[in-house]
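Positions are given from 1, in the same order as the sequence printed here.
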Amino acid sequence: MSNYIKAELYRITRGRSVLAYILFGFMLLALVFGTFMSDPLHPTYKVAAGSFPIMACMMTMYAGSLLGKHYTNRTAHYEIMDGANVHKLIWYRIIVYTSLLTVLYFIPLSLIMLIYSHNMKTIMAIALLYIVFLRMTMFVIGISMTIKTGEGIVLAYIRIIFENIVAILGLSSNEDAVISMSDTAVAIFGWFPATECTLAANGYLSGGLVVKALIGFIIEFAIMYALAYTSHKRKWYVRTTIGGHV
């Protein structure tokens, strides 16, 4: 496993210029502070939760683009042809990208919230946001490994935009709801990451919400893992109008 991780880190960092690292660093800072964009002077967990899904999606899309490029350039085929264990391929990518994004994005974000408000609610919110963050990361990695092109990141963006629209317009707590939805639809969308963050931003943060988010993550993790594994074992290929096919 360690050799896989070293190889992935080498592939990510190879050929990057100093300017590229500087620009990437500024992008990370922009995403961290952009998470508090609705009220930058009071970076509480409620403020962070409101825009967190979009910012987390943008961060994970960067990882998806790197992984998609690996398949588009066909370098990933050497691993498969060498008979690499598919489980290891999936796990080392999860470990590498999750660790990088956690250190570079989520830890600074959490520290800012803790500095301004270090109480149990903030800790619960950090747990909730991290579960959502892991869920988005796994979704992007799973999609990228399943369809084996860089265009998979577009699906992540479309998904989170759709979820945000539904959460804001259709899942308001009372008569403020713009879209009329049935109780069944409300119950279904209540399991989505954007909805969970919207509830936290509106002050409905609880241990039950964190547990619900964890259950949703486990279910989605299992689905995306199964798709990525099956795609490699059965050699699924997806033709796109943008990047041809792998």
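- In this structure, the separation between CG on Leu100 and OG1 on Thr137 is 11.0 Å, given to the nearest 0.5 Å.
- By the neighbour-count criterion of 12 heavy atoms within 6.0 Å, atom OH of Tyr225 is densely surrounded, having more than that number from other residues, nucleotides or ligands.
- In this pair, Phe52 and Tyr105 present their aromatic rings parallel. The plane angle is below 30°, not in the 30 to 60° band.
- The shortest heavy-atom contact between Leu128 and Glu196 is CD2-O, 3.9 Å.
- Residues Tyr157 and Met61 are in side-chain contact: their nearest non-hydrogen atoms beyond the backbone lie under 4.5 Å apart.
- Ile215 and Leu134 fall within a single hydrophobic cluster, where Ile, Leu, Val, Met, Phe, Trp and Tyr side chains are chained together by heavy-atom contacts under 4.5 Å.
- Atom CG of Leu104 and atom CE of Met59 lie 7.0 Å apart (nearest 0.5 Å).
- For the pair Leu129/Phe106, a side-chain contact is recorded, criterion being any heavy-atom separation below 4.5 Å from C-beta on.
- Residues Glu220 and Met138 are not in side-chain contact: their nearest non-hydrogen atoms beyond the backbone lie 4.5 Å or more apart.
- Under the 6.0 Å cut-off for aromatic ring centres, His87 and Tyr229 qualify, their centroids lying closer than that.
- Criterion: ILVMFWY side-chain heavy atoms under 4.5 Å apart, direct or through other members. Under it, Tyr204 and Val47 are part of a common hydrophobic cluster.
- Listed for the Ser231 side chain is a donor-acceptor partner under 3.5 Å among the backbone atoms of Thr146.
- Although no hydrogens or angles enter the test, the distance criterion places a donor-acceptor pair under 3.5 Å between the side chain of Thr60 and the main chain of Cys57.
- For the atom pair Thr44 OG1 and Met113 CE, the distance stands at 9.0 Å (nearest 0.5 Å).
- By the 4.5 Å heavy-atom criterion applied to side chains, Leu199 and Asn202 are not counted as neighbours.
- In terms of heavy atoms, Ala49 sits closest to Ala201 at CB-N, 3.8 Å.
- Closest of all the heavy-atom pairs between Arg93 and Ile141 is O-CD1, 3.9 Å.
- If you chain together hydrophobic residues whose side chains sit under 4.5 Å apart, Ile223 and Ile143 fall into the same group.
- Linking ILVMFWY residues whenever their side-chain heavy atoms come closer than 4.5 Å, directly or via other members, places Met136 and Ile219 in the same cluster.
- Between the CD1 atom of Ile160 and the CG atom of Leu155 there is a distance of 13.0 Å, given to the nearest 0.5 Å.
- The closest donor-acceptor contact from the side chain of Lys212 to the backbone of Trp191 lies at 3.5 Å or more, if one exists at all.
- Residues Met55 and Met37 meet the side-chain proximity criterion, which asks for heavy atoms closer than 4.5 Å.
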Legend entry - Criterion side-chain contact (heavy atoms from CB on, under 4.5 Å) on Ile54 and Thr35, from CA distance to verdict: CA-CA 8 Å; Ile54 291 291; Thr35 309; over 6 Å; no
Inset, instruction - May I have the step-by-step check of side-chain hydrogen bond (donor to acceptor under 3.5 Å, both in side chains) for Thr102 and Tyr130, ending in yes or no? - result: CA-CA 9 Å; Thr102 297; Tyr130 193 60; 2.8 Å; yes
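- Judged by the 6.0 Å and 45° rule, Arg159 forms a cation-pi pair with Phe139.
- Nearest heavy-atom pair across Ala200 and Leu209 is N-CD2, 4.3 Å.
- Ser144 places a side-chain N or O within donor-acceptor distance of the main-chain N or O of Val140, the cut-off being under 3.5 Å.
- Of all the heavy atoms in Ser99 and Ile95, the pair that sits closest is OG-O, 2.6 Å.
- The side-chain heavy atoms of Pro193 and Glu163, taken from C-beta on, include a pair separated by under 4.5 Å.
- Criterion: ILVMFWY side-chain heavy atoms under 4.5 Å apart, direct or through other members. Under it, Met120 and Tyr116 are part of a common hydrophobic cluster.
- Side-chain contact between Phe36 and Leu109 is present, with heavy atoms from C-beta onward closer than 4.5 Å.
- Between Phe33 and Ile112 the shortest side-chain heavy-atom distance falls below 4.5 Å.
- A centroid separation of 6.0 Å or more is found between the aromatic rings of Tyr97 and Trp91.
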